[in-house]
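These notes concern the structure reproduced below.
Side-chain atoms are counted along with the backbone in the values below, which use heavy atoms only and exclude waters and symmetry mates.
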Amino acid sequence: MKKSILIYCCISASLVGIVLYRKNKEKILEKDNRESFLPNELVEETVNLESKLAIVPDGPELIKVHNKNDAISIVEGQLGNNNGDWIWNCLWDDDEKFFVKAISKTALAKGAMTGTAYTAFVYRDGSIKEDLFELKLK
């Protein structure tokens with residue numbers, strides 16, 4: 001009984017060893033295949049890194065507005081704060097844009113319900129679209 005358990009353990013250990021050996025061999029072959037596609041150029045110590053750098057264009061596909069504070073800064077920089085009367089707030093955001101609103105202190109002091117002076121969408125690329133409301137009269 002003890003001999004059969006010992007034999008069973010040895011066989012199991014051998015099988016595990018074979019499986020691990022094969023997996024390691026596959027990884028080595030994959031690494032060798034990847035390295036065969038790499039250029040075999042010698043790298044000089046005095047490489048001019050500036051010539052190797054790629055210039056990334058500053059286009060609309062890049063995200064310039066990362067959070068609500070960025071959106072508020074951009075819209076306030078573009079549209080101003082009406083000589084300190086407006087307070088800009090970001091009401092909501094999604095993957096594309098931020099909805100920002102200027103609240104007028106003067107309008108609130110005069111009894112306006114919300115004090116909304118201006119609303120706009122600030123897109124992640126930094127562009128601003130004014131939120132114009134259409135009134136449809138029948």
Side-chain angles (χ1 to χ4, degrees):
M1 179 73 169
K2 289 181 181 181
K3 287 183 182 180
S4 60
I5 292 175
L6 182 62
I7 291 173
Y8 176 74
C9 289
C10 289
I11 292 172
S12 298
S14 298
L15 291 176
V16 168
I18 290 170
V19 169
L20 292 175
Y21 171 78
R22 285 187 179 174
K23 285 190 178 190
N24 192 29
K25 187 175 179 181
E26 288 173 6
K27 287 180 183 178
I28 291 171
L29 289 175
E30 284 180 19
K31 182 180 177 189
D32 288 343
N33 286 338
R34 281 184 295 206
E35 288 177 354
S36 67
F37 291 110
L38 295 176
N40 292 328
E41 299 174 2
L42 293 176
V43 179
E44 296 179 17
E45 289 183 22
T46 59
V47 174
N48 186 0
L49 293 179
E50 291 177 5
S51 66
K52 301 286 185 186
L53 295 176
I55 297 173
V56 179
D58 190 24
E61 67 277 354
L62 297 177
I63 295 176
K64 296 178 184 174
V65 183
H66 299 282
N67 55 44
K68 293 179 179 183
N69 291 333
D70 290 347
I72 291 170
S73 296
I74 287 176
V75 78
E76 189 171 4
Q78 291 288 321
L79 302 174
N81 62 8
N82 197 24
N83 295 323
D85 184 44
W86 294 350
I87 299 172
W88 287 98
N89 291 306
C90 183
L91 300 181
W92 57 264
D93 64 287
D94 59 20
D95 291 338
E96 296 177 16
K97 62 192 171 293
F98 297 84
F99 180 69
V100 293
K101 166 181 165 173
I103 299 171
S104 171
K105 296 176 197 174
T106 306
L108 286 174
K110 290 183 179 180
M113 188 183 312
T114 63
T116 301
Y118 209 96
T119 57
F121 290 103
V122 179
Y123 289 84
R124 300 249 178 208
D125 66 357
S127 62
I128 297 172
K129 180 181 175 188
E130 297 175 27
D131 188 20
L132 303 174
F133 298 100
E134 290 184 24
L135 296 176
K136 295 183 181 182
L137 301 174
K138 291 185 181 184

Please say yes or no: joined through hydrophobic side-chain contacts below 4.5 Å, possibly via intermediate residues, are [X] and [Y] part of one cluster?
X: Phe98; Y: Leu79; result: yes
X: Tyr118; Y: Ile103; result: no
X: Phe121; Y: Leu91; result: yes

For [X] versus [Y], what's the shortest heavy-atom pair and its separation?
X: Cys90; Y: Lys68; result: SG-CG, 3.6 Å
X: Asn81; Y: Trp88; result: CA-NE1, 4.3 Å
X: Gly126; Y: Ile74; result: O-CG2, 3.9 Å
X: Ala117; Y: Trp86; result: CB-NE1, 3.2 Å

Open item on the list: So that I can tick it off, tell me whether Asp70 and Arg124 are bridged by a salt bridge, with the cut-off set at under 4.0 angstrom between side-chain N and carboxylate O.
Closed with: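 No, this pair does not count.
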Do [X] and [Y] come close enough that some side-chain heavy atom pair is under 4.5 Å?
X: Val65; Y: Tyr123; value: no
X: Lys97; Y: Trp92; value: yes
X: Lys101; Y: Thr114; value: yes

